[in-house]
Amino acid sequence: MNYIEYGKENSDVIVLLHGGGLSWWHYKEAAERLQMDYHVIIPIIDGHAGCDKPFTTIENNASEIIEFINNKLGGSVLLIGGLSLGGQILLEILSQHKNICKYAIVESALVIPSKFTYSMIKPAFGSCYNLIKYKWFSKLQFKSLRIKSDLFDEYYKDTCAITKSDMISFLQENSVYSLKDGIRDCEAIVWIFVGEKENNSIKKSAKLIHEKLQGSFIQVLPNMYHGEFSINYADRYVSKLLEIIKQ
């Protein structure tokens, strides 16, 4: 697993886990705002552009990050945040290592498995994967994700670099992830964010995570779709992150 770092000279560490199909640039603006006071580390999830390992499982990615934190960062960090697939990896990290961070931000993480969605991913991407390399098709996909327009070039370049097998693997894993019993032992202060306009499975997942994590906080983001908080509103995301740390 490769890592992008900002503010290396700072001692308080924040780890941010990007969404599936994205990469480190998902958190670029947030990291730039935080780097004066914090050491920000953005792991590139396996199977994504900039990483030299194929995607296997959410559990394996979580274990890799735990090993990195144990070996390089003294076993714990100040805060870990994650969106979607990154949020699932974060939940798995919290399940495996109850005191790895003081604070956690889980954004739009799905924890209600769907066998039907899982079964549809391989045939769907088998038929349309080659279209990804065409800009007109990528622009349609990009528009459907509601990511701000100035990130399209990064999105297009990195999406083209993801192999079909990796894309199928992390999408399938995303569709069937469920919370582990160990999540109940988590000692971090956890905030759960979900967009008001997200699908019902994500909204129900946010409630389920909140129920499983005693003492956690949940916030519904008005008029926001999947991933918009950290991707499109970095200033608001950072403001909330700092508020959580300093409360």
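Being a predicted model, the structure only gives us computed values, none of them experimental.
Contact between K203 and V194 at its shortest, heavy atoms only, is CA-CG2, 4.1 Å.
In K72, the NZ atom is not crowded: 12 or fewer heavy atoms of neighbouring residues, nucleotides or ligands sit closer than 6.0 Å. Around atom NZ of K180, more than 12 heavy atoms belonging to other residues, nucleotides or ligands sit under 6.0 Å away. For Q214, the CD atom sits in a loose shell: 12 or fewer heavy atoms of surrounding residues, nucleotides or ligands are nearer than 6.0 Å.
N99 and H97 are linked by a side-chain donor-acceptor pair at a separation below 3.5 angstrom, with hydrogens and angles left out of the test. Looking only at atom types and distance, the side chain of E92 has a donor-acceptor partner in the side chain of Y177 under 3.5 Å away. For the 3.5 Å distance criterion, the side chains of E107 and S230 qualify, holding a donor opposite an acceptor. Side chain to side chain, S11 and H39 fail the donor-acceptor criterion of an N or O pair below 3.5 Å.
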Worked verdict on Y225 versus E196 for side chain to side chain donor-acceptor pair (under 3.5 Å): CA-CA 7 Å; Y225 291 90; E196 180 187 26; over 6 Å; no

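Ring to ring, F217 and H210 are not that close: their centroids are 6.0 angstrom or more apart.
The ring pair (Phe, Tyr, Trp, His ring centres under 6.0 Å) check on F68 picks up Y3, with sequence neighbours excluded.
For the atom pair CG (L242) and CD1 (I245), the distance works out to 6.0 Å, reported to the nearest 0.5 Å.
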